[in-house]
Amino acid sequence: MATPPDSPIEEVVYELEPTRAPKPVPVALEDLCRLTKFTRQEIRVMYRGFKTECPDGVVNEDSFKDIYAKFFPHGNSSLYAHYVFKAFDVNCNGSITFRDLLVTLSTLLRGSVYERLRWTFRLYDINNDGCISRAELGEIVMAVHELMGRRPNHPEDEVKAREQVERVFRKLDLNQDGIITIEEFLEACLKDDVVTKSLQMFDTCL
């Protein structure tokens with residue numbers, strides 16, 4: 001039977017109190033439409049799929065990694081999936097709700113270039129200190145190379161990864177002070193097609 005137009009979508013979240021069982025919390029469909037760029041019907045379809053795959057109403061990191069492994073069977077997706085999970089986990093509580101997933105997918109699939117770049121910056125800013133270091137960029141690049149099937153301990157692949165990090169970092173670090181701020185990141189990406197194409201490589205992994 002079809003969901004009535006104004007009925008809430010139920011999303012299960014875990015209470016902080018360990019003695020209490022998970023409690024269904026209604027999430028108004030209208031609110032999800034307002035928060036995202038998806039239609040009511042698109043949200044209903046995605047919710048049905050979400051509940052089928054995640055009957056508890058949340059995705060934990062292990063489940064998220066399992067999903068990634070199915071899409072990238074020829075590489076080691078665990079590390080990159082960890083970083084993407086952190087970026088999806090907007091409340092930093094170790095789980096992704098349907099609302100979290102929907103809001104992030106709306107940004108990545110239907111957001112402006114500016115919005116998508118801000119999300120990408122958050123992905124690269126591993127320690128959430130508001131800037132990207134060379135080491136952080138290196139971690140993401142190495143994770144992507146592993147995801148795509150980089151040969152372990154192969155010198156040639158490691159050299160290529162380091163060269164990519166240096167090339168991208170130099171272009172993003174506009175004032176050459178050793179860190180990339182959000183302002184530098186946006187400016188460099190918006191005006192440099194080479195940087196944008198390099199970053200699109202990472203977008204294919206989301």
- Message: I'd like to know if Glu187 pairs up with Lys191 as an ion pair, taking the criterion as any Lys NZ or Arg NE/NH1/NH2 lying under 4.0 Å from an Asp or Glu carboxylate oxygen.
- Response: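 Here Glu187 pairs with Lys191 in a salt bridge, since their nearest N and O are under 4.0 Å apart.
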- Query: Measuring from Glu146:CD to Leu79:CG, what's the distance to the nearest 0.5 Å?
  - Reply: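 The distance works out to 5.5 Å.
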- Test item: Phe88 and Leu101 side chains (from C-beta on) under 4.5 Å apart, heavy atoms: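 Yes - at least one pair of side-chain heavy atoms lies under 4.5 Å apart.
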- For Asp173 and Ile179, work out which heavy atoms get closest and say how close.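 The pair with the smallest heavy-atom distance is OD1-O, 2.9 Å.
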- Which heavy atom in Asn60 sits nearest to a heavy atom in Phe85, and how many Å separate them?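 For Asn60 and Phe85, the tightest heavy-atom pair comes out as C-CE1, 3.5 Å.
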- Query: Would a 4.5 Å heavy-atom cut-off, applied to side chains only, mark Tyr83 and Glu139 as touching?
  - Reply: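 Yes. Closest side-chain heavy atoms under 4.5 Å.
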- Salt-bridge contact Lys160-Glu156 (side-chain N to carboxylate O under 4.0 Å):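 Yes, this pair counts.
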- Task: Grab the two heavy atoms, one from Arg99 and one from Leu32, that are nearest each other, plus how far apart they are.
- Result: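 Where Arg99 meets Leu32 most closely, the heavy atoms are CG-CD2, 4.0 Å.
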- Message: Walk me through whether Arg116 and Arg110 qualify under side-chain contact (heavy atoms from CB on, under 4.5 Å).
- Response: CA-CA 9 Å; Arg116 284 187 279 122; Arg110 307 227 170 132; over 6 Å; no
- Task: Would you give the length of the straight line joining atom CG of Leu137 to atom CD1 of Ile180, rounded to the nearest 0.5 angstrom?
- Result: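 It comes to 5.5 Å.
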- Item | CG-CG distance between Leu117 and Leu123, expressed to the nearest 0.5 angstrom |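 With rounding to 0.5 Å, CG (Leu117) is 12.0 Å from CG (Leu123).
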- Message: When you measure from the side chain of Asn175 to the backbone of Asp177, do you find a donor-acceptor pair of N or O atoms at a distance under 3.5 Å?
- Response: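 Between the backbone of Asp177 and the side chain of Asn175 there is a qualifying donor-acceptor contact (under 3.5 Å).
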- Query: Do other residues, nucleotides or ligands put more than 12 heavy atoms under 6.0 Å from Gln176 CD?
  - Reply: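 Atom CD in Gln176 is crowded, with more than 12 foreign heavy atoms closer than 6.0 Å.
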- Task: Look at the side chain of Asp89 and the backbone N and O of Gly94, then say whether any donor-acceptor pair between them is shorter than 3.5 Å.
- Result: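 Yes; judged by distance alone, with no hydrogens or angles, the pair exists.
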- Message: I'd like to know if the side chain of Glu184 and the backbone of Thr181 have a donor-acceptor N/O pair within less than 3.5 Å.
- Response: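 Judged by distance alone, yes, a pair lies under 3.5 Å.
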- Task: Please tell me if the side chains of Leu147 and Asn76 come closer than 4.5 Å, counting only heavy atoms from C-beta onward.
- Result: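 A side-chain contact is absent here, since even the closest heavy-atom pair is not under 4.5 Å.
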- Using a 4.5 Å cut-off on heavy atoms from C-beta on, say whether the side chain of Lys51 contacts that of Phe98.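 No, too far: nothing below the 4.5 Å cut-off.
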- Charged N to carboxylate O below 4.0 Å: is that the case for Arg122 and Asp125?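 No salt bridge links Arg122 with Asp125.
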- Message: Closer than 4.0 angstrom, basic N to acidic O: yes or no for Glu115 and Lys37?
- Response: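 Result for this pair is yes, salt bridge flagged.
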- At what distance, to the nearest 0.5 angstrom, does CD1 of Ile96 lie from CZ of Phe50?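 With rounding to 0.5 Å, CD1 (Ile96) is 8.0 Å from CZ (Phe50).
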- Item | For the student: nearest non-hydrogen atoms of Glu42 and Thr39, plus distance |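 Closest approach of Glu42 to Thr39, heavy atoms only: OE1-N, 2.8 Å.
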- Task: Without swapping roles, check the side chain of Gln164 against the backbone of Val141 for a donor-acceptor pair under 3.5 Å.
- Result: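 Such a contact is absent between Gln164 side chain and Val141 backbone.
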- Message: Ignoring hydrogens, what is the shortest heavy-atom contact between Ser63 and Val59? Give both atom names and the distance.
- Response: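 Shortest heavy-atom separation between Ser63 and Val59 comes out as CB-CG1, 4.1 Å.
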- Message: Ignoring hydrogens, what is the shortest heavy-atom contact between Phe72 and Ser77? Give both atom names and the distance.
- Response: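 Phe72 and Ser77 have their closest heavy atoms at CB-CB, 4.3 Å.
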- Task: Check the pair Asp129 / Cys131 against side-chain contact (heavy atoms from CB on, under 4.5 Å), numbers first and verdict last.
- Result: CA-CA 6 Å; Asp129 67 348; Cys131 60; 3.6 Å; yes
- Task: Fit a plane to each ring of Phe121 and Phe185, take the angle between them on a 0 to 90° scale, and name the class: parallel (under 30°), tilted (30 to 60°) or perpendicular (over 60°).
- Result: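 The rings of Phe121 and Phe185 stand perpendicular, inter-plane angle above 60°.
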- Is there a side-chain contact between Phe38 and Val103 (heavy atoms, below 4.5 Å)?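 With C-beta onward as the side chain, the pair stays apart.
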- Task: For Glu136 and Ser133, indicate whether the former's side chain and the latter's backbone hold a donor-acceptor pair under 3.5 Å.
- Result: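 Yes; judged by distance alone, with no hydrogens or angles, the pair exists.
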- Answer yes or no: is there a side-chain heavy-atom contact under 4.5 Å between Phe169 and Arg134?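 The answer is yes, as the side chains (C-beta and beyond) meet within the 4.5 Å cut-off.
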- Carboxylate-amine/guanidinium contact Glu61 Lys65, below 4.0 Å: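 Salt bridge flag = yes for Lys65 with Glu61.
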- What distance do Ser106 atom OG and Leu102 atom CG have between them, rounded to the nearest 0.5 Å?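 Going from OG on Ser106 over to CG on Leu102, the span is 7.0 Å.
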- Query: Do the non-hydrogen side-chain atoms of Thr36 and Ile43 ever get within less than 4.5 Å of each other?
  - Reply: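 Side chain of Thr36 against side chain of Ile43, heavy atoms only: contact under 4.5 Å found.
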- Message: As a quick check of understanding, evaluate side-chain hydrogen bond (donor to acceptor under 3.5 Å, both in side chains) for Glu158 and His145, giving each step before the final call.
- Response: CA-CA 9 Å; Glu158 292 180 4; His145 279 247; over 6 Å; no
- Item | Spacing of OG1 belonging to Thr97 relative to CG belonging to Asp56, to within rounding of 0.5 Å |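 Atom-to-atom, Thr97:OG1 and Asp56:CG are 13.5 Å apart.
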- Item | Trace of the side-chain contact (heavy atoms from CB on, under 4.5 Å) decision for Lys86 with Ile126 | CA-CA 8 Å; Lys86 284 182 59 181; Ile126 296 173; 3.9 Å; yes
- Validation row: Ile140, Tyr80 side chains within 4.5 angstrom (heavy atoms):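 Ile140 reaches Tyr80 side chain to side chain.
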